[in-house]
Amino acid sequence: MTIRTRFAPSPTGYLHIGGVRTALFNWLLTRRQGGQFILRIDDTDAERNRPEALQPILEGFRWLGIQWDEGPEVGGPHAPYFQSQRLQSYKDAAMQLVDSGHAYPCYLAKEALDAERKAAEVAKQNYIHRGVHRNTPPAENRRLLEANPAPIRLKVPEGRTLGIDDLIRGRVEWQADLIGDPVILRADGRALYNFATVVDDVALGITHVVRAAEHLDNTKVQVVAYEGLGAKAPTFGHVPVVNEPNSKKKLSKRDMKKFVTPEIRAKLKLVGWTDAEIESRDDLNPATVAFYREMGYLPSGLVNYLGRLGWSLDDKTEVMSLETMIANFSLDRVNDSPASFDPEKLLWVAGEHMKMLPLAGRITGCVPFLVRAKIIAEPIDEATQAKIARIVEACGERLKVFSDILQHAPVFFRDPEYDPKAVDKRLRKEGAMDLLRAAAEELKAAPSFAVADLEQVLKPWCETRGVKIGDLNHVLRVATTGQQVGIGLFETLSILGKEETLRRIEIASQIAAK
RNA sequence: GGCCCUGUCGUCUAGGGGCCUAGGACACGGCACUUUCACUGCCGCGACACGGGUUCGAAUCCCGUCAGGGUCACCA
């Protein structure tokens, strides 16, 4: 039998990092076993339902390479895949439960209910609601409902033990007597989450419900709903929640702005976002997938990291391709304790994936970041394109994410910003200026500025002068880039070219003399 | 507070009675390589929450304690 899994996001305008990890587990399981992964849009909450808020979610999945077999834009045999378009089926199902004696109308006013709940709370007792029409004959309940619409409650059986055999947690049980009868349909006919999700999962033929552990307690009510509907409950797998970095608390969708630390803000601004945009958009923070896309993370790196968060292939594999993950994924190797999101390890994994990307791909990936940061302008002429190619190549393994190019490329397109400390340390040092002038003369006479030729000229030159190549490196680097660290010196000079190199040495000499 | 879940280096994890003097990875510290940085290699730091049991033998099984988390709506 082929499996059918689903992920049911609300259109919130962003793809949450914790949610996508759950979706990924569903998807890997489905690809591994052969089956369909379904995207169902949970848009029953009118307030949160904005049509344009769906696109960022679909884009996020597409960017990561997680394709859905049925759902928005691709359709499928069980369309529609929007819960807001399936409302009638929830009503029908609820009435079916009333007719079969598994549900009943509840005429208790909300205020009275709240009062009861409050009283129980004060008395430090568990509040377990049981409506008066619980045992009214079904036909009578239906008549009541037709005459006077009311919320419908699910009848939780008494004296029973409810349980599931969770694929990740094993056997989990609840005493039915400790559960109040939940409302499944409001008086106006709108379904509640716990009911709509069951009705849909039955209708869509979902076989495996893999979801975050925060839903574990919902399962008991859902089990009752499946029973009432006469449907076989799917197999459940509750994956542990993802915690905030350095925390034991769930990585929440609320208050994501707090992750925008000064450092994160600086990074966002470096790639071209303004303070106003960072404030107004809710996807520009490290708890969303969009953030990593904006920072130039390779999607395969993010997927690798997220897949390894709570799941492992064996005792040593860290870096792996999507194919490897699919070929080896199973729920029994998913941990049952929460995992903390670690941005540093994510960066490392992303860097490992970047190393595996051929040069052409790295160049293509970097260009948009240079454009966005206004280092270069479109259309890009041939000379600029060639220059970028040389810079990216010279960066080598210094690039972990595409936006790292912004630490290395700008100096090749505009005058250096001289770091005062670097100038002090390297250019105002005893003998530094003499060395710099002499080197400039040598460079002026150099027949070629190709990397290999520069190296062949400068190294012996140092030797005959009794100067360490390291000292020359320091002086020339600061003189031409203003910084103490950067890509290889010979590459730097070569990309700059003779004229520009000599011009910068002149500028640096004047600055150092001040 | 009730119910439910979970406890292995700071973090992600391997382990499921003897292979454990607990392995790997990130981070951190050191050394080597090197024209700086990065990369790479080597070394180091660093954990079975606690207490009882079961057993010849427990990180592993059982019980309890403690700790952390999740959830308790006519939200999703």
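Because the structure is a prediction, the values reported are computed rather than measured.
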- Mind calculating the distance between CG (A/L216) and P (B/rG70) to the nearest angstrom? 13 Å

- Pairwise C1' distance for B/rC48 and B/rG1, with rounding to whole Å: 32 Å

- Query: On a whole-Å scale, what distance lies between the P atoms belonging to B/rG23 and B/rU34?
  - Reply: 33 Å

- Message: Any carboxylate oxygen within less than 4.0 angstrom of a Lys/Arg side-chain nitrogen, looking at A/R86 and A/D200?
- Response: yes

Between protein and nucleotides 39-41 of chain B, what N or O pairs are separated by less than 3.5 Å?
unit_1 : atom_1 : unit_2 : atom_2 : d
B/rC39 : O3'    : A/K355 : NZ     : 3.1
B/rC39 : O2'    : A/E397 : OE1    : 2.2
B/rU40 : OP1    : A/K355 : NZ     : 2.8

- Item | Nucleotide nearest A/V172 when distance is taken to its side chain, options B/rC5, B/rA76, B/rU36 | B/rC5

- Message: Please give the distance between the P atoms of B/rU54 and B/rU71 as a whole number of Å.
- Response: 40 Å

- Task: Under the salt bridge (Lys or Arg N to Asp or Glu O under 4.0 Å) rule, collect the residues that match up with A/R465, sequence neighbours excluded.
- Result: none

- Query: Expressed in whole Å, how much space separates the P atoms belonging to B/rC9 and B/rG24?
  - Reply: 16 Å

- Query: Please give, in whole Å, the distance from B/rG70 C1' to A/D166 CG?
  - Reply: 14 Å

- Whole-Å distance, A/D217 CG to B/rC72 C1', equals 7 Å

- Separation of atom CD1 in A/I184 from atom C1' in B/rA76, rounded to whole Å: 17 Å

- Note on the structure: Under a 3.5 Å limit on both distances, the Watson-Crick or wobble mate of B/rG10 is B/rC26

- Given that both distances must come in under 3.5 Å, which nucleotide forms a Watson-Crick or G-U wobble pair with B/rG70? B/rC3

- Item | A/N218 (side chain) and B/rA76 (base): donor-acceptor pair under 3.5 Å | yes

- Contact list for residues 329-338 of chain A, test side-chain hydrogen bond (donor to acceptor under 3.5 Å, both in side chains), sequence neighbours left out: A/S312-A/R333, A/S330-A/D332

- Item | A/H238 and A/F236 aromatic ring geometry - parallel, tilted or perpendicular at 30°/60° bounds | parallel

- Within residues 426-439 of chain A, residues whose heavy atoms come under 4.0 Å of RNA chain B: none

- Query: Does some side-chain heavy atom of A/T12 sit less than 4.5 Å from a side-chain heavy atom of A/D282?
  - Reply: no

- Note on the structure: So the salt bridge (charged side-chain N to carboxylate O under 4.0 Å, His left out) pairs with at least one residue in residues 233-246 of chain A (sequence neighbours excluded) are A/E244-A/K258

- Base-pairing mate for B/rG41 - Watson-Crick or G-U, with both contacts under 3.5 Å: B/rC31

- Task: Check every strand shown and say whether A/L472 touches a base, only sugar-phosphate, or nothing at a heavy-atom separation below 4.0 Å.
- Result: nothing

- Item | B/rU60 - base-pair partner by Watson-Crick or wobble geometry, distances under 3.5 Å | none

- Establish, with yes or no, whether the OP1 or OP2 oxygen of B/rA76 is under 4.0 angstrom from a side-chain nitrogen or oxygen of A/T44. yes

- Message: Within residues 452-465 of chain A, which residues have any heavy atom lying less than 4.0 Å from an atom of RNA chain B?
- Response: A/K459

- Query: On a whole-Å scale, what distance lies between the C1' atoms belonging to B/rC66 and B/rC56?
  - Reply: 31 Å

- Message: Once you measure the plane-to-plane angle for A/F329 and A/F25, does it fall in the parallel (<30°), tilted (30-60°) or perpendicular (>60°) bin?
- Response: tilted

- Across all strands shown, which nucleotide pairs with B/rU55 by Watson-Crick or G-U wobble geometry, both distances under 3.5 Å? none

- Take atom C1' in B/rC19 and the same atom in B/rC62, then report the distance between them in whole Å. 25 Å

- Item | Where at least one partner belongs to residues 417-427 of chain A, residue pairs that pass salt bridge (charged side-chain N to carboxylate O under 4.0 Å, His left out), sequence neighbours excluded | A/D424-A/R428

- Note on the structure: Residue pairs meeting salt bridge (charged side-chain N to carboxylate O under 4.0 Å, His left out), one or both in residues 154-164 of chain A, sequence neighbours left out, come to A/R134-A/E158, A/R160-A/E227

- Span that lies between the C1' atom of B/rC4 and that of B/rC12, in whole angstrom: 25 Å

- Note on the structure: Rounded to whole Å, CE of A/M354 lies from C1' of B/rA38 at a distance of 14 Å

- Message: List the residues meeting side-chain contact (heavy atoms from CB on, under 4.5 Å) with A/L192, not counting sequence neighbours, and say none if there are none.
- Response: A/V183, A/R186

- Message: Would you measure the distance from the P atom in B/rG69 across to the matching atom in B/rU11 and give it in whole Å?
- Response: 14 Å

- Task: Begin from the C-alpha positions of A/F341 and A/Y305 and carry the test ring-ring contact (aromatic ring centres under 6.0 Å, His included) through to its verdict.
- Result: CA-CA 10 Å; A/F341 182 73; A/Y305 175 74; 5.7 Å; yes

- Item | Worked verdict on A/K498 versus A/L493 for side-chain contact (heavy atoms from CB on, under 4.5 Å) | CA-CA 7 Å; A/K498 182 186 283 192; A/L493 300 185; over 6 Å; no

- Pick the nucleotide of RNA chain B nearest each of A/H408 and A/H215; which residue has the one closer to the 5' end? A/H408

- Message: Applying the Watson-Crick and G-U wobble criteria at under 3.5 Å, what pairs with B/rG16? Answer none if nothing qualifies.
- Response: none

- Query: Between the side chains of A/Y104 and A/D181, is a donor N or O closer than 3.5 angstrom to an acceptor N or O?
  - Reply: yes

- Is A/L108 close to A/E116 at the side-chain level, that is, under 4.5 Å between some pair of heavy atoms? yes

- Item | Protein-nucleotide distance (A/K316, atom NZ; B/rG23, atom P), rounded to Å | 12 Å

- Residues that A/L359 engages under side-chain contact (heavy atoms from CB on, under 4.5 Å), provided they are two or more places apart: A/R362, A/I363, A/V392, A/E393

- Task: Would you indicate what A/K250 reaches in the nucleic acid, counting non-hydrogen atoms under 4.0 angstrom: base, sugar-phosphate, or nothing?
- Result: sugar-phosphate

- Task: Give the rounded distance in Å between these two atoms: CZ of A/R211 and P of B/rU71.
- Result: 13 Å

- Message: Quick check: on RNA chain B, is the nucleotide nearest A/R171 upstream (toward 5') of the one nearest A/C106, or the reverse? Name the residue that is more 5'.
- Response: A/R171

- Query: Are a donor atom and an acceptor atom from the side chains of A/T317 and A/D314 found within less than 3.5 Å of each other?
  - Reply: yes

- Using a heavy-atom cut-off of under 4.0 Å over every strand shown, decide if A/K249 touches base, sugar-phosphate, or nothing. sugar-phosphate

- Message: For a quick check of understanding: with a heavy-atom distance under 4.0 Å over all strands, which category does A/L489 fall into, base, sugar-phosphate or nothing?
- Response: base

- Task: Could you list the residues that satisfy salt bridge (Lys or Arg N to Asp or Glu O under 4.0 Å) with A/K345, not counting sequence neighbours?
- Result: A/E318

- Task: Could you check how far CG of A/D177 sits from P of B/rC72, rounded to whole Å?
- Result: 21 Å

- For A/L108, answer base if it contacts any base atom (sugar-phosphate contacts may also be present), sugar-phosphate if it contacts only those atoms, and nothing otherwise; contact means non-hydrogen atoms under 4.0 Å. base

- Message: As a test of reading the structure: which of B/rU36, B/rA76, B/rC4 is closest to the side chain of A/R477, going by heavy atoms?
- Response: B/rU36

- Message: Base contacts versus sugar-phosphate-only contacts with protein, heavy atoms under 4.0 Å: please encode nucleotides 6-15 of chain B as B, S and - from 5' to 3'.
- Response: SS---SBSSS

